[in-house]
Structure formats: structure tokens, C-alpha cells
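First comes the structure, then the notes that go with it.
Naming: A, B, ... by sequence-line order, numbering from 1 per chain.
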Amino acid sequence: MRVLLRNPRREITIDGRRRVHALLNELGLSREAHLVIRNGELVPGDGELNADDEIEIRPVISGG
Amino acid sequence: MKCRTCRNPAIIDLPRHNANFCAEHLLQLCRRQVEKAIHDHQMFEPTDHLLVAVSGGKDSLAVWDILRELGYRTTGLYIALGIGEYSHESQTFAEDFAARRGLPLVIESLRDDHGFDVPTAARATGRVPCSACGMSKRHIFDRVARDGGYDAVVTGHNLDDEAAVLFGNALRWDVEYLARQLPLLPARGGFPRKAKPLVRLTERETAAWCIVRGIDYIVDECPMAAGNKHLAYKQALNLIEEESPGAKATYYLGFLERMAPLLSGSSARRADELASCVRCGSPTGAEVATDGSTVCAFCRLSEKARGHEPVPVEMLMSKSARRAAAKEARG
Ligand code: SF4
Ligand SMILES: [Zn+2]
Ligand SMILES: [Zn+2]
């Protein structure tokens, strides 16, 4: 799947399927500080991401 | 995963509520938390005209959206801080949001209206950008609220923001700041009432509100924020939150309920100790000079900054932030 990461904006590719929580753990990203979006919609922690999905992992922490 | 309320498929898990929610019931939860904050702290009267400080980020657009939905009369205030591309983009998000909903938006520009910007002010005064920025924003919120006759200034500070500030204040045992860290500050001595209706929502929840409601906001971080303490405190609290869900809410809301009342009265300067700035007329706690005049901190800052040649934002970014920005520009 294609994964868009932000701050800074970059894209990575992950092979195979994953649950959202597993993917965040794998990338070392806090569940409390991120949301996963597919086609403009939120995917919950146990949601299944498919090998051909395009997703965005959006950080929600802001530093101002 | 199923929604706790309706058993339809959930779109988000909220460990602190030990529950999952569909889009509709996530929105309901957010709305109710905001209503509870407004009610518990007696923030507004139904007829109040609220000045909402909007940055183009998720929190300020979410609070504006929710207050409008709840039926309040609102006007947005965007301050152009002159932080390069970040400022241009965030202004576009604020303007688009207002235009789409037919809401009034006041725009004030540091560069056009005051002759300087945040990077230049930081360089001219030797302060960190966030300090010059925060002071300028507060001054302008206060002044626009006073001149426009608004009943209160609303900001989008969320539970994570407040918990992180509380953490910092408690690390230093800064009693004066602790005593003033409240979701509602009443008007006093020419300063407007200030309210933070999002203090019962985490930033994950305010971001989710925006995504579900289709609100576009600036996701990129302000280039001046990199490496600031506030971010580090948030990360530390999130580590604790993951181990024990609900810890942030217990920490901050428990402070409001049990600690803040013990501190009331420790808040330093009282309204009768304030003077008027001879330049701009704002109330100020600044020292009175030997000639008897008082100049507020913002006017002193802008005098210094106006005399300085403009400093591009890149000059103030950390090396790592500059590298990241260059990489992003290359694509
Ligand atoms: S991160 Fe600092 S400089 Fe940037 S907008 Fe926030 S307060 Fe201003
Ligand atoms: Zn539901
Ligand atoms: Zn002044």
C-alpha cells in the first residue's frame, strides 16, 4: 500500500495487508498522536488496510 | 469495531472512553464535551458576540464550526504573522472555511498593519519566535475584541495543549501561571473575557471532527515550532496516555476541579495595578518609565522590529528543519 506521511511530507510503500494499529506500531508512531485516513474517511484501530490501498497517516499534534 | 451508541461500524477508537464511535456519534460526543465546558465554566451568554481566533489549523476551525453549529454569533480573526509559505497557506484555509460558510472573518497583518513580522521580531529582540509571536497575537486579539465590542475572545486550545502547559508549569512550580491556567478568564481592566471551549477534547478528537466534517486545515507544522518544549511535553504525556488511557484528562480536569480552587488568589497583578500604554492605549502591566509614561510590551516589541530589516523565515529555522524543507521542495 502507498502511505503518505506528513511533517515533513513523504511517501512510503508497505507490502501486504495490515491492521491500522499494527501499521502504526511497525512505523513507531503513537496511536494517540495519529489518525489514518483512506479516501477521505477515518479508519479505526482494528480496521484492515489492503495491499492496494492509498492511505494517509496524519499527525494530530501541533506545536504552537 | 462497532459504535458504542448505535452498533453501526465505527470509524474511530477512543481508548480514553473505552469505546468506538461512528461518524455521527463522534460528532455528538465532541459537541457534548464542548457544551459541557461552556456550561461548567459559564463561558458565554446565548446572545454574546464571539471573536474566534483562527489560525487555519484544526483546533481553531473546529471550535469555530462547533460554536456556529450551537447557534452562537461568531466572527473570525486571522492574524497574518509573516512566517513564509506557512502563513500564506494557513490564511487560505481560514479564508476558505469562512467563505464556504458565509462567516465574517477579520484579517490583520503584522507586516502591513504594524510594519514587521514574526521572524524579524524574533531576530530584532533576540527572543524565540514563539515568544514574539504569542505576545503579538494576544495583543491583537485583545485590541480587536475591545475596539469591535465583542463579548469574548475564543481560542482553540484543546486538552493536549492545556495538559502540556500544565505539565510545564508544574515542572517549574510556577504558581502564578498555574493560578491563571483556566478555561475561562473573566474580563478585567480593559482585557476581554477569554474562553477555551475545546479543553475537554484531545487533539486527536478535534482533528477527527475536521476530517468527518470535511474541513480542510493546515496539517503542516509551523516551521518555528520544531524543537519547542511544548511538543516534547505533549509527546511525554502521550506515552503515559498509551499506557493508561484517560491519564491526560484526569491530570488536567483534576487540576481544574481540585487544584485550581486552592490557587485562586495567587494570581499576581490585579486590574487596578494596570496602566494605559501611551502609544496604543492598551491596558498594560509594564513598568512606568521615569518620565511617567508607560509603553506596553507589544509597542516596545514593534518599535524594535520595525527598525530592523526584514528577516526571511529560513534564517530562523533550525538546521534540521531547513534540511527537511529543502527536501520537501525537491519533492
Ligand atoms: S509555533 Fe510559535 S511561531 Fe509558529 S505560530 Fe505557533 S507560536 Fe507562532
Ligand atoms: Zn453510532
Ligand atoms: Zn501599546
task = Can you see which heavy atom on H34(A) is nearest to which on R204(B), and at what distance?
result = O-NE, 3.3 Å

query = So which part of S55(B) gets closer than 4.5 Å to some heavy atom of chain A, the side chain, the backbone, both or neither?
reply = neither

inquiry  = For a 4.5 angstrom cut-off between non-hydrogen side-chain atoms, does S62(A) reach E203(B)?
reply    = yes

ask   = Should we count CD of E11(A) as having more than 12 external heavy atoms under 6.0 Å?
value = yes

ask   = Is it the side chain or the backbone of K229(B) that comes within 4.5 Å of chain A heavy atoms, both, or neither?
value = neither

inquiry  = Given heavy-atom pairs under 4.5 angstrom as the criterion, report whether the side chain, backbone, both or neither of A208(B) touches chain A.
reply    = both

key: Most chain A-contacting option - heavy-atom pairs closer than 4.5 Å, from I12(B), I211(B), D160(B)   = I211(B)

inquiry  = A quick test of your reading: do over 12 heavy atoms of other residues, nucleotides or ligands sit less than 6.0 Å from CZ of R31(B)?
reply    = yes

message = Can you confirm whether D46(A) sits close enough to N20(B) that some side-chain heavy atom of one is under 4.5 Å from a side-chain heavy atom of the other?
response = no

ask   = CG/N7(A) to SG/C222(B) distance, rounded to the nearest 0.5 angstrom?
value = 11.0 Å

query = Is there a side-chain contact between L237(B) and E32(A), using heavy atoms and a 4.5 Å cut-off?
reply = no

inquiry  = Can you confirm whether Y251(B) is buried at OH, in the sense that more than 12 heavy atoms of other residues, nucleotides or ligands lie under 6.0 Å from that atom?
reply    = yes

Interface moiety of D59(B) toward chain A, non-hydrogen atoms closer than 4.5 Å = side chain

H17(B), NE2: over 12 other non-hydrogen atoms inside 6.0 angstrom = yes

query = Can you tell if the side chain of V43(A) reaches within under 4.5 Å of the side chain of I11(B), non-hydrogen atoms only?
reply = no

Side chain to side chain donor-acceptor pair (under 3.5 Å) assessment of S30(A) paired with Q235(B) = CA-CA 9 Å; S30(A) 161; Q235(B) 284 162 352; over 6 Å; no

request  = Please name the pair of heavy atoms, one in A207(B) and one in V60(A), separated by the smallest distance, quoted to 0.1 Å.
outcome  = CB-CG1, 3.4 Å

ask   = Got a sec: does the CD of E41(A) have more than 12 other heavy atoms crowding it under 6.0 Å?
value = no

task = Answer with side chain, backbone, both or neither: which region of L231(B) has an atom nearer than 4.5 Å to a non-hydrogen atom of chain A?
result = side chain

note = Here the pair of heavy atoms bringing P44(A) nearest to A10(B) is CG-O, 3.4 Å

query = With a 4.5 angstrom heavy-atom cut-off, which part of I61(A) approaches chain B: side chain, backbone, both or neither?
reply = both

Atom group of R31(A) that falls short of 4.5 Å from chain B, counting heavy atoms = both

